[in-house]
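Taking it in order: structure first as structure tokens, then the write-up.
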Amino acid sequence: MQPSDLSAARRRMDALVEELNRHNRLYHALDQPEISDAEYDALMGELRRLETELPGEVRPDSPSLRVGAPPAEGFETVPHTSPMLSLDNAMDAGEMRAFHQRVLGLIGTEGDGSLAYAAEPKMDGAAVELVYEAGQLVRGLTRGDGQTGEDVTSNLKHVLSIPLALDVANGRPAPALASIRGEVVLPLAAFARLNEARVEAEEEPFANPRNAAAGSLRMLHDVDLRRLRSLEFRAYALVEGRPDDARQQIELLEILAAWGFGVSRESRVCSGVDEAIAFHEEMQQARGKLPIEIDGTVFKVNDLALQEQIGTLSRAPRWAIAFKFPPEQATTKVQAIDAQVGRTGALTPVAKLEPVQVGGVTVSNASLHNQDEIDRRDVREGDTVVVQRAGDVIPQVVRVVLDGHDDPRPAPYRLPAACPVCDAETVRLAGEVVTRCPNIDCPAQLKNNLRHLSARGALDVDGLGGKLIDQLVSAGHVGRLSDLFGLTAEQLAGLERMGEKSAANLVASLEKARNTTLARFLIALGIRHVGQTLAEILASHFGELEPLLSASEDDLGRVDGVGPTIAESVVRFFGDARNREEIERLRALGVRWEPAAAPRPQDGVLSGKTFVLTGTLSVPRDEARQRIESAGGKVVSSISKKTDYLLAGEKAGSKRDKAASLGVAILDEDAFEALLSGASPAD
Ligand code: IVH
């Protein structure tokens, strides 16, 4: 290699290492990837090629030297019972056949094509290890770097398909130690709901169900139990604790199912590589109809003794392969970029695309989120772009394709300085990513608020669509939300394309919509950051509207699941005289709701209390944790203002200081015992 080539190669390697390490962090620690898996693989492939050519130049921090990423701060890291391996990939039938030949070579039965594989869907979620001692769940870890994972047991215990104890009535006896591996997935329907709620609350939506699942498992603060309950666990491996008589992978799946685990029902045995490829094609067809996202199929030599014989390399077993589906991406042109004004006045740039098929769905719009996102990807009108879809998510523009032959590009896109609907000057506050139209009377905001109020999760006004809303606002019949409930059949019948019958139907729908629940009413109000989940939390905590109207930020901050941003937003909303007046008008026009069900009865003396443990206790931490949990409390790993108690043993260090500075009650073990026996700590 010429010296000039060498220095160019070095520079490229440096750039790749830095770029890949940044994406690793975004992906693993922050659950917010910026690029697709396919692009990541391409960058990693390029780095690996350069490193093979220049082995002396491999940087010690090269991402090629490790699998996965270091665990994020916050959870305790614990070694796995045995390493959690990865799988080699086959990208097409040729690579699948090559794998099959390799396996046949390794077991010395070259030519015998009928080797049996356990065929399973490759689920696209977060891998976890569950450890059971004498049949009881004692620990659940994320994959982490494969050697050690994060202890997310307390979150995993809320995943309903994870048995807390093995079901031995229907299954084999419980081994002393069982290590079960599987995937935590977020079903697509729940993923769509979660992202809707996030967009609603002006939070960044998750890129795909996998990131959403991983993010949910690693919630540290404000743990949202609903999010955890919507996750599902599906087991695919029994690593420790196999019954002596088990001979096949497929039998292990049956044993897991009998113990009470969910396993993929699609799994079956394939004889030889042709059947395996046929199974893969079948799964690819079925992919769009499955309730969870899968990104390929996994084939494992079914015979466990053969697996042993074939062996494992440091990173992945040689007896298994992940046969991946082609990525759901496509290339198209950006015809225009429009700025849409949302319910809160936020301007969202949307790329209008030349319609293109992505994974069986026609995509013609893709959100570009905000100005920063546009700047980062430098998307301009007329550009050729790669778009992708994961599950039910809003399609995304992954990147611009510049092949050097494009016509001169127009200037970089800027969100307009004036609202495209009402012409008010738009603003972007310091520290915010969102550009807004500040005019609260902007018809776009009113129309979107009306759409929001009449949506199914809110007041569910049947027959009130976007066109009718436009007409009502343009005709001046509706100037604020509450006007909707003052509409008369005569007013409606006077609108274009509106017969008497439809007018009467809408009046009837409005009558029905007047009777609602507190949670739905809260959603309908359109308070920033309050989507379905939050509305339900607030409704069940406060029971009625009045106590919520007078709640302070501190009161709200004490509610599980409510962070400072939400608390501030709620207080600001109810502090605004115009909003109060709207609520009164809505009531006067007959909107009423059932009070929410009373808060859950107290489960134990520590119900709702959050603990952090520190220092050396006289009992193992797990035991202390179990006692707290069985009294209804919760143990988290780091202290915040919302922590109720720090249980401090001998040699408690920085956590004790932090608790003291935050005013969190510090208990020694005697005080803890007193608390458990029902006395208040001040007694
Ligand atoms: S077996 C040694 N089976 O794919 C065996 N993995 O790189 C290792 N995955 O993150 C895994 N579905 O969590 C296996 N049916 C399946 C799977 C599966 C999804 C994930 C696994 C890991 C990745 C492998």
Side-chain angles (χ1 to χ4, degrees), residues 24 27-28 31 37 40-41 44 66-69 71 80-91 99 103 117-130 140-147 149-150 152 156 159 162 179-187 208-211 213-214 217 231-240 242 248-250 252-254 256-257 261-270 276 279-280 283-284 286-287 290-302 304 306-308 310-325:
N24 266 336
Y27 183 99
H28 290 283
D31 299 314
D37 290 3
Y40 180 89
D41 291 346
M44 182 64 100
R66 65 162 186 225
V67 214
H80 291 296
T81 52
S82 62
M84 280 185 83
L85 300 174
S86 161
L87 290 172
D88 282 334
N89 291 336
M91 305 311 284
F99 160 76
V103 170
Y117 292 102
E120 304 166 17
K122 183 172 187 302
M123 296 167 278
D124 203 6
V128 299
E129 170 180 48
L130 302 176
L141 305 177
T142 63
R143 176 155 177 260
D145 62 4
Q147 303 294 326
E150 296 143 295
V152 288
L156 282 169
V159 178
I162 294 182
S179 160
I180 288 140
R181 312 279 169 87
E183 202 83 351
V184 168
V185 293
L186 182 63
N208 52 48
R210 175 188 356 135
N211 294 117
L217 275 189
L231 297 171
E232 274 178 29
F233 175 78
R234 295 209 188 164
Y236 55 64
L238 175 58
V239 177
E240 291 291 337
R242 294 179 180 177
Q248 301 176 347
Q249 161 69 12
I250 212 85
L252 298 180
L253 295 180
E254 284 158 15
L256 289 166
F261 293 97
V263 295
S264 296
R265 270 178 296 139
E266 297 79 8
S267 305
R268 73 160 101 114
V269 177
C270 293
F279 175 85
H280 178 80
M283 280 294 119
Q284 196 169 338
R287 181 183 193 183
L290 297 180
I292 64 167
E293 177 87 340
I294 64 172
D295 61 341
T297 45
V298 179
F299 296 94
K300 302 170 185 169
V301 169
N302 191 30
L304 299 176
L306 278 181
Q307 287 187 1
E308 186 84 4
I310 296 166
T312 287
L313 299 176
S314 64
R315 203 185 73 88
R318 287 195 292 185
W319 42 262
I321 191 102
F323 188 177
K324 302 283 283 277
F325 296 137

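Numbering of ligands and ligand atoms starts at 1, following listing order.
Atom CG in L256 sits 13.5 Å away from atom CZ in R234 (nearest 0.5 Å).
For N89, the side chain to side chain donor-acceptor pair (under 3.5 Å) criterion is met by no residue, not counting sequence neighbours. By the side chain to side chain donor-acceptor pair (under 3.5 Å) test, S264 is found to be paired with no residue, residues two or more places apart in sequence or in another chain being considered. Residues satisfying the side chain to side chain contact (heavy atoms under 4.5 Å, CB included) criterion with A127, sequence neighbours excluded, are M84, R143, E183, Y236.
In this structure, R287 contributes its side chain and I294 its backbone to a donor-acceptor pair below 3.5 Å.
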Dump the pairs for me: ligand 1 N or O, protein N or O, distance under 3.5 Å, to 0.1 Å.
residue  : atom   : partner : partner atom : Å
ligand 1 : 3 (N)  : K300    : NZ           : 3.0
ligand 1 : 4 (O)  : K122    : NZ           : 3.3
ligand 1 : 7 (O)  : L87     : N            : 3.0
ligand 1 : 12 (N) : M123    : N            : 3.1
ligand 1 : 13 (O) : E183    : OE1          : 2.3
ligand 1 : 13 (O) : Y236    : OH           : 2.6
ligand 1 : 15 (N) : E120    : OE1          : 2.7
ligand 1 : 15 (N) : P121    : O            : 3.3

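Salt bridge R210/E293: absent, no basic N to carboxylate O contact under 4.0 Å.
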